[in-house]
Each structure stands twice: as C-alpha cells, then as structure tokens.
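Working notes, structure below.
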Amino acid sequence: MADWDVIIIGAGPAGCSTALHLVQRDPTWAGRVLILEKAYHPRPKLCGGGVTNYGEAILRDLGLQIQVPNVALRKAYIRFQDLYWTLHGDPVFRVLRREEFDAWLASEVRARGVALHEGEAVLDVRREDAGVTVVTREGTYRARVLVAADGSKGVVRRKLGIEDGVSRVARLIEVLTPEDPAARPEFREPYAVFDYSPIAQDVQGYYWDFPCYIRGQAHMNRGIYDARIRPQAPRAALKETLHVMMARRGVDPDDCELMGHPIHWFDARGVFSLPRVLLVGDAAGADPLLGEGISYALAYGQIAAGSIAAAFAAGDFRFSDYRRRILSHPLGRSLRHRAFAARVAYSVRNVRLLRLFWRVASTAIALGFLRPRPADDFHFPQTS
Ligand SMILES: Cc1cc2nc3c(=O)[nH]c(=O)nc-3n(C[C@H](O)[C@H](O)[C@H](O)COP(=O)(O)OP(=O)(O)OC[C@H]3O[C@@H](n4cnc5c(N)ncnc54)[C@H](O)[C@@H]3O)c2cc1C
C-alpha cells in the first residue's frame with residue numbers, strides 16, 4: 001500500500017489545476033501528490049471547448065499561456081428566433097479541442113515533477129478518520145487528502161454516497177460537422193452562435209455553433225444544452241430539436257454522429273467536501289446557465305490548493321471552511337449569479353416575453369452595458 005499526502009482522481013482541467021496550484025505555492029508539493037487518471041492523454045472528451053477570458057487569466061496566473069491550436073472568437077451572436085444581440089470581444093472566448101488542451105495541461109503537471117498515473121481507473125474509495133483508501137486494479141493507495149476531480153459521472157461521489165437531494169444534471173448532445181472554412185462566415189469573422197429558440201420547445205438552454213479545427217481540418221462543433229434546472233417542467237425532445245436546428249442550417253442530421261454527456265451543475269447548497277475529501281470541477285458543480293465548466297474547473301483547483309495547504313499547516317483535515325472559500329471566491333460569486341440567472345431565464349416560456357427581452361437586451365448591448373472582460377482584467381485574491 002503506497003502512502004501519499006494528496007491523491008487527485010482525474011487529470012482533466014480541475015485535477016491538473018489543483019496540482020499546478022499546489023506546486024506553484026510550494027514546489028515540494030510535487031513529490032507529495034499523485035494523480036490517477038483512467039484514460040491516456042490525449043483522451044477524447046465531449047466538449048464545445050469554449051474557454052473564456054476568466055480561464056485564460058487563471059492560466060496566466062500559473063505562468064501558462066494556452067499552447068494548443070484554438071479559434072479566437074471576435075463575436076458571439078445570442079439569438080432567439082429572428083432576433084439577436086451581439087457580444088464583441090478580443091476574444092469573446094477561444095474554442096479549442098479538449099483532447100489537446102487537457103493533454104497539454106497534463107504535460108505541464110508532469111513537467112513540474114508531479115506523479116501522474118494514466119490508464120489507472122479508480123474502482124473504489126473508502127474514507128476513514130486518518131485518511132482515504134483508494135483502490136485501482138493496479139494497487140491500493142492511502143492518502144491524507146483526496147481530491148475528486150473525476151467529472152460529472154465521477155466515482156467518488158458514487159462511492160462516498162454524496163447526494164444532492166435534488167437532480168442537478170444537465171443533458172447535452174454534441175455533433176461535429178466537417179466544413180469548408182471559405183464558405184462559412186463563422187470562420188471568417190470568426191464568431192459563435194448561441195441560439196435560444198429551442199426554449200419554445202421546452203429546452204432549458206440553447207443550441208450552439210462553434211467553429212473549430214480538428215487536426216487542421218475546419219469543423220463546426222454544434223450541440224444542444226438542456227440545463228433541467230426545473231426538473232418538474234416537461235422534458236424536451238432534445239434529439240428531435242437538435243435535428244430541427246441543424247436542418248435549418250442546411251446540415252443533414254442523419255449524416256452525423258450524435259454524442260451525449262451530462263453535466264453536474266453547481267448549487268450553493270450542494271456538498272463540496274467531506275472530512276479528508278474535496279470536490280473540484282464538475283464533481284463540485286459547473287455553470288447551470290451555459291454549461292460552462294472549463295474555466296470554473298481551473299478556478300476550483302486554485303481554491304482547493306489553498307484549502308489543502310491550510311489543512312496541512314493546521315493539521316485539520318475537516319475542510320469545514322471549503323464551502324465558504326468557494327462562495328467568497330470570484331468563482332462562487334459567478335456561479336451563484338449564473339444559477340440565479342438560469343432559474344429565472346429557463347422558467348420563462350412565453351414567446352412574446354422572450355422576444356421583448358431580446359429587444360431590450362440588444363439595446364442594452366448597443367449602449368455598452370454588457371461586454372466580455374479581457375483576460376488581463378481579472379485579479380484573483382491569493383487564498384491562504
Ligand atoms: C457536450 C459538452 C459540451 C461542453 N462545452 C463546454 C464549453 O464549450 N466550455 C466549457 O467551459 N465547458 C463545456 N462543457 C463542460 C466541460 O466539459 C466540463 O465542465 C469540464 O470538462 C470539467 O472539467 P473537470 O476536470 O471537472 O472534469 P473532466 O474534464 O470530465 O475530467 C475528469 C477526468 O477524470 C477522469 N476520471 C473519471 N473517472 C475516473 C476514475 N474512476 N478513475 C480515474 N480517473 C477518472 C476522466 O477520464 C477525466 O480525464 C461541456 C460539456 C459537455 C458534455
């Protein structure tokens with residue numbers, strides 16, 4: 001049985017960020033942390049790949065600049081039926097491929113001397129007073145602290161019986177379509193579309209079009225997001241609605257492979273920790289309004305590293321202030337706002353009211369009330 005101070009399950013953005021932030025605080029953490037990842041990087045990950053300026057700013061604070069191919073979007077059209085408003089930014093956000101981004105992050109973790117075991121899936125987790133036991137096919141490990149960075153369908157929540165009480169699961173379907181970049185305006189400007197027309201078909205979310213490149217080939221990353229933040233409301237026919245939205249764009253859905261994956265979203269009343277255990281990234285909860293989680297996963301890593309350092313300094317592993325740290329961090333404030341906005345936005349189904357909102361919003365945008373913040377505009381408090 002091998003002993004570690006910290007075991008992180010999952011080498012996605014949340015797990016890698018936790019390790020990177022620990023080592024940034026003190027390089028000796030490198031020898032005290034083990035990451036267990038069930039896949040091998042670069043591993044497939046269903047995702048739109050949209051990284052906001054918030055995420056870029058967190059990486060910049062770690063001394064990192066995104067080193068993988070990406071499309072820097074200058075505009076995002078927020079549509080409802082024939083109405084739209086436009087966000088301008090430099091960039092509004094970047095679209096990248098997750099397999100490349102996550103593999104790059106994992107290589108940065110390794111470069112700092114952190115042990116990362118790929119192809120080693122965690123099968124079981126047991127929590128005791130003195131630590132946590134982690135079981136894989138390859139062996140059994142003991143950790144003084146366990147970080148659950150294992151995503152929306154993670155093993156830690158399941159094995160430790162962490163329940164939300166209510167369903168906090170969004171449904172998503174994604175499609176990748178090859179495109180001729182010369183023929184598509186999305187690649188020329190370049191821009192993304194968030195189309196909220198499916199709200200009229202009971203979808204609590206939107207349809208998206210993100211231009212991207214896969215191994216140098218232009219593709220459109222398309223998909224539909226259904227937050228299900230009001231689980232009692234009628235369940236939308238998601239696949240059929242996606243088909244309609246694609247057909248409107250001249251894409252034959254029968255030629256495409258549809259891929260689905262859930263997102264576990266944030267609720268301020270949710271469970272974020274147990275004694276000896278911290279949840280980060282999707283395991284803790286992503287944004288329910290847009291289903292955004294990459295930048296938040298990076299931010300969770302920063303908070304978790306602060307909590308872990310404080311726990312070892314004090315010899316107190318209850319993590320009773322982890323929730324407070326999350327809620328008082330820019331991440332917690334942003335996710336709370338988004339959760340509130342999602343509850344309000346996705347309870348309106350009256351088309352006339354939605355059209356009125358779109359007209360008012362486009363005026364507000366035109367007057368400069370809403371604008372994405374550039375990456376260098378974010379300043380983070382250093383958590384102790
Ligand atoms: C269709 C879709 C589109 C999306 N589009 C966007 C977008 O455009 N922008 C955005 O910001 N967010 C988007 N998201 C959300 C985003 O993908 C997640 O929020 C983000 O991946 C969370 O990062 P994470 O590190 O918490 O989890 P993950 O990225 O899911 O990483 C978890 C890691 O844990 C590993 N793991 C899981 N179980 C085990 C185990 N038992 N043992 C060992 N390792 C394990 C996995 O292999 C994985 O590498 C999208 C999600 C979906 C489904």
Side-chain angles (χ1 to χ4, degrees), residues 7-19 34-52 54-56 70-71 73 76 93-99 101-103 105-106 116-125 134-138 141 146-159 169-176 192 194 205-206 208-210 212 221-226 238 242 258-266 279-301 304 335 338:
I7 291 182
I8 299 173
I9 304 183
C16 289
S17 171
T18 306
L34 169 67
I35 308 185
L36 295 170
E37 165 57 55
K38 70 175 174 189
Y40 289 93
H41 284 297
R43 53 110 175 78
K45 171 74 185 93
L46 211 57
C47 185
V51 178
T52 57
Y54 182 45
E56 268 197 77
N70 62 82
V71 179
L73 301 173
F93 61 93
R94 292 179 192 276
V95 181
L96 43 73
R97 295 298 302 154
R98 282 295 301 282
E99 59 270 29
F101 180 70
D102 291 15
L105 277 181
L116 164 54
H117 293 189
E118 292 180 73
E120 188 163 353
V122 172
L123 306 174
D124 198 9
V125 173
V134 175
V135 181
T136 74
R137 209 178 304 276
E138 287 72 15
Y141 303 86
L146 180 75
V147 179
D150 49 351
S152 288
K153 298 200 291 187
V155 65
V156 177
R157 295 180 63 86
R158 208 168 53 246
K159 292 291 177 185
V169 180
R171 303 184 294 158
L172 295 91
I173 307 178
E174 183 181 298
V175 178
L176 292 163
F194 294 78
Y206 60 92
W208 77 82
D209 282 319
F210 293 176
C212 68
N221 184 316
R222 308 170 185 277
I224 194 157
Y225 172 72
D226 185 17
L238 213 54
L242 176 61
L258 305 189
M259 298 164 288
H261 197 278
I263 291 183
H264 174 248
W265 43 257
F266 168 93
L279 307 185
V280 294
D282 279 12
D287 150 39
L289 183 66
L290 302 175
E292 188 195 335
I294 304 170
S295 304
Y296 292 115
L298 296 171
Y300 274 114
L335 284 175
R338 292 218 181 170

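Both counts, for ligands and for their atoms, begin at 1 and track the order of listing. All figures in this text were calculated on a predicted structure; none of them were measured in a lab.
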Heavy atoms of T18 and G301 approach each other most closely as OG1-CA, 3.4 Å

What pair of heavy atoms forms the shortest contact from R43 to E99, and how long is it? O-CB, 3.2 Å

Between Y225 and F194, does the ring centroid distance fall short of 6.0 Å? no

How would you list, by chain and number, every residue that makes a side-chain contact (heavy atoms from CB on, under 4.5 Å) with D287, sequence neighbours excluded? L289, L290, E292, Y296, L335, R338

Are L34 and E120 close enough that some pair of their side-chain heavy atoms sits under 4.5 Å apart? no

Any protein N/O atoms within less than 3.5 Å of an N/O atom in ligand 1? List the atom names and distances, or say none.
residue: ligand 1; atom: 5 (N); partner: G48; partner atom: N; Å: 2.8
residue: ligand 1; atom: 8 (O); partner: G49; partner atom: N; Å: 3.2
residue: ligand 1; atom: 8 (O); partner: G50; partner atom: N; Å: 2.9
residue: ligand 1; atom: 9 (N); partner: G50; partner atom: O; Å: 2.9
residue: ligand 1; atom: 11 (O); partner: G50; partner atom: O; Å: 3.2
residue: ligand 1; atom: 11 (O); partner: G293; partner atom: N; Å: 2.9
residue: ligand 1; atom: 11 (O); partner: I294; partner atom: N; Å: 2.9
residue: ligand 1; atom: 12 (N); partner: G293; partner atom: N; Å: 3.0
residue: ligand 1; atom: 14 (N); partner: G291; partner atom: O; Å: 3.4
residue: ligand 1; atom: 17 (O); partner: R98; partner atom: NH1; Å: 3.0
residue: ligand 1; atom: 19 (O); partner: D282; partner atom: OD1; Å: 2.6
residue: ligand 1; atom: 19 (O); partner: D282; partner atom: OD2; Å: 3.3
residue: ligand 1; atom: 21 (O); partner: R98; partner atom: NH1; Å: 2.8
residue: ligand 1; atom: 21 (O); partner: R98; partner atom: NH2; Å: 3.0
residue: ligand 1; atom: 25 (O); partner: P13; partner atom: N; Å: 3.3
residue: ligand 1; atom: 25 (O); partner: A14; partner atom: N; Å: 3.0
residue: ligand 1; atom: 26 (O); partner: D282; partner atom: N; Å: 2.9
residue: ligand 1; atom: 29 (O); partner: R98; partner atom: NH2; Å: 2.9
residue: ligand 1; atom: 41 (N); partner: V122; partner atom: O; Å: 3.1
residue: ligand 1; atom: 42 (N); partner: V122; partner atom: N; Å: 2.9
residue: ligand 1; atom: 44 (N); partner: K38; partner atom: N; Å: 3.0
residue: ligand 1; atom: 47 (O); partner: E37; partner atom: OE2; Å: 2.6
residue: ligand 1; atom: 49 (O); partner: E37; partner atom: OE1; Å: 2.6
residue: ligand 1; atom: 49 (O); partner: E37; partner atom: OE2; Å: 3.2
residue: ligand 1; atom: 49 (O); partner: R43; partner atom: NE; Å: 2.9
residue: ligand 1; atom: 49 (O); partner: R43; partner atom: NH2; Å: 3.0

Between I263 and H261, is any pair of side-chain heavy atoms under 4.5 Å apart? no

